[in-house]
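Take a look at the structure set out below.
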Amino acid sequence: ASDRSNADLNPAADSLEQKFIALEQNLIDPRMTGRGQDGVRWPIRLGGQLGYLAGGIATSDFAPTAQQKDVHAGLEKQVRDNRITLEQLIQRDLNAFNNRLRAKGLKAIEVVLPPIVF
């Protein structure tokens with residue numbers, strides 16, 4: 001199929017992309033370069049918070065504190081909430097977009113999610 005016959009897919013593709021980007025930004029900030037003043041310029045997202053907590057626990061000679069356990073529980077809930085949002089995004093929005101692709105004889109986008117590990 002020609003690019004012109006598929007031009008009507010562009011707004012839907014852009015919208016879907018923005019939804020995935022918004023979800024990604026809950027987990028990481030793509031502006032973070034690992035250099036300079038990133039930590040001062042932008043808040044640390046969920047992925048960085050989990051890394052910080054894991055690093056603090058891993059370098060200690062003691063069991064996790066009550067505060068660390070509380071933080072872990074809060075971060076775990078955020079991970080699960082984001083996973084639910086991702087699953088819904090895939091099941092509803094991506095599935096609807098894939099139906100439009102298939103209707104035009106185009107290949108669908110396939111996503112396989114790994115299981116949650118904690």
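Values reported hereafter were calculated over all heavy atoms of this structure, with side chains retained and with hydrogens, waters and symmetry mates removed. Since the structure is predicted, the reported quantities are computational estimates derived from the model, not experimental observations. The chain is numbered in sequence order, starting from 1.
Under the 4.5 Å side-chain heavy-atom criterion for grouping Ile, Leu, Val, Met, Phe, Trp and Tyr, I57 is not connected to Y52 through any hydrophobic cluster. Cluster annotation: M32 is not connected to L46 through the hydrophobic network of ILVMFWY side chains, with a link wherever side-chain heavy atoms come within less than 4.5 Å. Linking Ile, Leu, Val, Met, Phe, Trp and Tyr whenever their side-chain heavy atoms come within less than 4.5 Å puts I109 and L106 in one cluster. Hydrophobic clustering of Ile, Leu, Val, Met, Phe, Trp and Tyr side chains at less than 4.5 Å, counting indirect connections, keeps I21 apart from F97. Clustering ILVMFWY residues whenever any of their side-chain heavy atoms sit less than 4.5 angstrom apart, transitively, puts I44 in a cluster other than the one holding L23.
The closest donor-acceptor contact from the side chain of N98 to the backbone of A108 lies at 3.5 Å or more, if one exists at all. Judged by distance alone, with hydrogens and angles left aside, the side-chain atoms of R100 form a donor-acceptor pair with the main-chain N or O of D8 at under 3.5 Å. At least one donor-acceptor pair closer than 3.5 Å links the side chain of Q68 to the backbone N or O of T65. Using modelled atom types, no side-chain atom of S15 and backbone atom of P11 make a donor-acceptor pair closer than 3.5 Å.
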side-chain contact (heavy atoms from CB on, under 4.5 Å) assessment of R45 paired with N26: CA-CA 6 Å; R45 304 294 181 177; N26 291 337; 5.7 Å; no
Derivation and outcome, side-chain contact (heavy atoms from CB on, under 4.5 Å), residues L50 and E76: CA-CA 9 Å; L50 284 167; E76 182 179 22; over 6 Å; no
L101 vs L9, side-chain contact (heavy atoms from CB on, under 4.5 Å): CA-CA, chis, key distance, verdict: CA-CA 8 Å; L101 291 174; L9 293 173; 3.7 Å; yes
Worked check of side-chain contact (heavy atoms from CB on, under 4.5 Å) between L75 and V71: CA-CA 6 Å; L75 294 177; V71 169; 3.8 Å; yes
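E24 CD to E17 CD: the interatomic distance, rounded to the nearest 0.5 Å, is 10.0 Å.
With sequence neighbours excluded, the residues satisfying side chain to side chain contact (heavy atoms under 4.5 Å, CB included) with D93 are L16, K19, L89.
Residues N99 and R102 meet the side-chain proximity criterion, which asks for heavy atoms closer than 4.5 Å.
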